[in-house]
Amino acid sequence: GDAAAAVASARAFADKAAAVVVDKAFCRRKYDRVNTVVKGKSLAADVAARVAGHLSVAMAKTSNGEFVAANAALNDALREAGAGTR
């Protein structure tokens with residue numbers, strides 16, 4: 001019982017993880033989303049500077065083909081801007 005449920009859960013998790021591909025297009029869409037979110041908010045200067053720093057890191061990582069790291073930097077930017085990481 002428990003073992004079968006654990007295997008089923010693991011397979012479902014693996015299927016879900018495989019469905020999300022973090023590539024250049026994914027990062028570009030998320031970068032656009034961050035820009036939209038940031039433009040729609042009045043951020044304090046220090047928060048805006050931290051968001052800009054995360055975006056700079058994301059652009060550099062994307063340019064180097066490090067898409068997972070770029071996605072992490074974009075998530076940091078979204079969190080910093082108070083928008084979550086969906």
If the condition is side chain to side chain donor-acceptor pair (under 3.5 Å), which residues does [X] pass it with, not counting sequence neighbours?
X	result
Asp46	Arg50
Asn64	none
Arg28	Asp32

Legend entry - Approximate separation, where rounding is to 0.5 Å, of Lys41 NZ and Thr36 OG1: 12.5 Å
Closest non-hydrogen atom pair, [X] against [Y]:
X	Y	value
Ala81	Val37	CB-CG1, 4.5 Å
Leu74	Val34	O-CG2, 4.0 Å
Phe67	Val22	O-CG1, 3.3 Å

Legend entry - Partners meeting side-chain contact (heavy atoms from CB on, under 4.5 Å) with Ala8 (sequence neighbours left out): none
Inset, instruction - Indicate yes or no: at least one non-hydrogen side-chain atom of Arg33 is less than 4.5 angstrom from one of Leu78. - result: yes
Review item, side-chain donor-acceptor pairs of residues 54-62, under 3.5 Å, at least two apart:
from, atom 1, to, atom 2, distance (Å)
Lys61, NZ, Glu66, OE1, 3.3
Thr62, OG1, Ala58, O, 2.9

